[in-house]
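See structure below.
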Amino acid sequence: MREAVWYNDGMESVTVRAYAKINLSLDVTGTRGGYHTIDSVVASVDIFDEITVSTRDDGQVTITMRGRGSEDIPPESNNACRAARAFFAARGSGGADISVLKHIPMGAGLGGSSADAAGVLNALCLLFGGDYAAAKAIADSIGSDCGYMLRGGYARLTGRGERVSLIDGGPKLYLIVAFPEGGVSTARCYALSDVYPGHRRTSAAVNRAICAGQLQELGKSLSNGLYPAAAVINGNIRDSVAELSALSPLGVNMTGSGSAVYALFGDETSRDSALKKYIGGCRAVAAETLIPERYL
């Protein structure tokens, strides 16, 4: 599936889709410089925000957010706005109006904030020119997984998440994604993971299963070292895991630091049949993995 891009006449504006991600594994491996280090296999899914960037001549950067309760995010703490300002600071000139229509739920562990920042950088590079190394340096300064979001797809992330090793190929995965009520503070979740650690480290096994297209093995290997801490913070996550497990999927996992939980199925038919039977306590949607178009 190719990422949709629209241009206006004269290349004065561009609209791109910024896709969410799921963590198929998330091993917490230690600490470095006051931050936790991870080993995580991730994939893009077809839940996306729509980002329009238009050039302006006065050097200003403006941003308008719509959807999913994003309207009240202040510009100074908005990663999409921070990415644009960093781009123009490195370039030495330029400005833009940014509009973000959000479909990715906030605080769900789907990487929506990082996706928006990466989407803005992709759009700005299309409008003004740019290369991957420069864009990734900016992305890494915004968020630990933002550099991955520039290209998306299957990848293995290490360090704080800034070290990206793309995984070529990989099967399409069919998912039900559930959104438990109540959020999870990422900072608190990582801090509490020292008290409630996850004991499985499965990134190597997940990587092998993806490369071999072994969905059964992939389902068995799904894991998230932040889940014990997240479930303490938000008990609805544990309920969602139980509700999705009752649908007999290949595996169930939490993404990021929560609160979204997903179930993996072997094909579209079995996923859709399971979704019809779902009677959980929160909203759930069908989703699937994809490889976004890569510009850099």
Side-chain angles (χ1 to χ4, degrees), residues 1 19-28 38-47 104-105 108-111 148 152-157 165-180 198-228 230-231 236-292:
M1 178 176 178
Y19 289 96
K21 60 81 184 169
I22 58 167
N23 297 81
L24 298 167
S25 63
L26 200 166
D27 305 336
V28 181
I38 63 169
D39 183 359
S40 178
V41 178
V42 294
S44 299
V45 294
D46 61 348
I47 304 170
I104 304 172
L110 293 166
Y148 155 72
Y154 284 108
R156 190 167 178 177
L157 311 182
S165 299
L166 296 178
I167 302 172
D168 292 331
K172 182 183 286 292
L173 305 181
Y174 296 93
L175 313 161
I176 295 175
V177 184
F179 304 100
H199 296 292
R200 295 183 71 203
R201 293 191 177 183
T202 66
S203 290
V206 166
N207 199 131
R208 289 192 299 269
I210 289 172
C211 292
Q214 297 175 337
L215 296 186
Q216 294 284 346
E217 290 302 312
L218 177 58
K220 295 176 184 176
S221 300
L222 299 176
S223 72
N224 189 325
L226 295 177
Y227 171 74
N236 293 325
I237 295 173
R238 187 181 295 106
D239 294 339
S240 287
V241 168
E243 291 163 355
L244 291 179
S245 297
L247 300 175
S248 300
L250 297 177
V252 176
N253 199 20
M254 183 184 78
T255 183
S257 58
S259 57
V261 176
Y262 63 89
L264 170 66
F265 295 86
D267 55 67
E268 185 176 12
T269 300
S270 59
R271 187 272 313 276
D272 291 349
S273 176
L275 185 56
K276 290 178 182 178
K277 300 174 184 176
Y278 173 76
I279 54 173
C282 63
R283 183 173 71 93
V285 301
E288 58 191 58
T289 57
L290 52 73
I291 306 298

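- Taking the side chain as every heavy atom from C-beta outward, Tyr227 and Val241 approach each other to under 4.5 Å.
- With rounding to the nearest 0.5 angstrom, the CD1 atom of Ile237 is 9.5 Å from the CG atom of Asn224.
- Distance alone, capped at 3.5 Å, is enough to place a donor-acceptor pair between the Arg201 side chain and the Val28 backbone.
- Of all the heavy atoms in Pro105 and Arg283, the pair that sits closest is CG-NH2, 3.7 Å.
- The backbone N or O of Leu222 sits nowhere less than 3.5 Å from a side-chain atom of Asn253 that would complete a donor-acceptor pair.
- The nearest pair of heavy atoms linking Pro292 to Gly152 is CD-C, 4.2 Å.
- When all heavy atoms are compared, the tightest approach of Cys282 to Phe179 is CB-O, 3.3 Å.
- Under the 4.5 Å side-chain criterion, counting only non-hydrogen atoms from C-beta, Leu24 is not in contact with Val42.
- When every heavy atom of Tyr148 is checked against every heavy atom of Gly153, the shortest pair comes out as OH-O, 2.6 Å.
- Within the 4.5 Å cutoff, the side chain of Thr255 has heavy atoms near those of the Lys21 side chain.
- Atoms CG and OH, from Leu175 and Tyr262 in turn, are 7.5 Å apart once rounded to the nearest 0.5 Å.
- By the 4.5 Å heavy-atom criterion applied to side chains, Glu243 and Ser240 are counted as neighbours.
- Asp27 is listed as a side-chain neighbour of Ser223, based on a closest heavy-atom distance under 4.5 Å.
- Smallest separation of non-hydrogen atoms from Ala260 and Val177: CB-CG1, 4.3 Å.
- Of the possible polar contacts, none joining the Glu288 side chain to the Lys172 backbone as a donor-acceptor pair under 3.5 Å is found.
- Of the inter-residue distances, the one linking Ser25 atom OG with Arg200 atom CZ reads 10.0 Å to the nearest 0.5 angstrom.
- A donor-acceptor pair under 3.5 Å links the side-chain atoms of Thr202 to the main chain of Ser221, judged by distance alone.
- In terms of modelled atom types and a separation under 3.5 Å, the side chain of Ser40 and the main chain of Leu157 share no donor-acceptor contact.
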When the side chains of residues 204-216 are checked against the rest of the protein, which donor-acceptor pairs come out under 3.5 Å, sequence neighbours left out?
none

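- A distance of 7.0 Å separates OG of Ser203 from CG of Leu26, quoted to the nearest 0.5 Å.
- In this structure, Leu247 and Ala274 approach most closely via the heavy-atom pair CD2-O, 3.7 Å.
- Using a 3.5 Å distance cut-off with no hydrogens or angles, the side chains of Asp46 and Tyr19 do not pair a donor with an acceptor.
- For the atom pair CG (Asp168) and CD1 (Ile291), the distance works out to 9.0 Å, reported to the nearest 0.5 Å.
- Taking 4.5 Å as the limit, some side-chain heavy atom of Pro171 sits within range of a side-chain heavy atom of Tyr154.
- The shortest side-chain heavy-atom distance between Leu275 and Phe265 does not fall under the 4.5 Å cut-off.
- To the nearest 0.5 Å, atom OG1 of residue Thr289 and atom CG of residue Leu264 are 9.0 Å apart.
- Contact annotation: the side chain of Leu226 approaches that of Met254 to within less than 4.5 Å [non-hydrogen atoms, C-beta and beyond].
- Listed for the Arg271 side chain is a donor-acceptor partner under 3.5 Å among the backbone atoms of Ala287.
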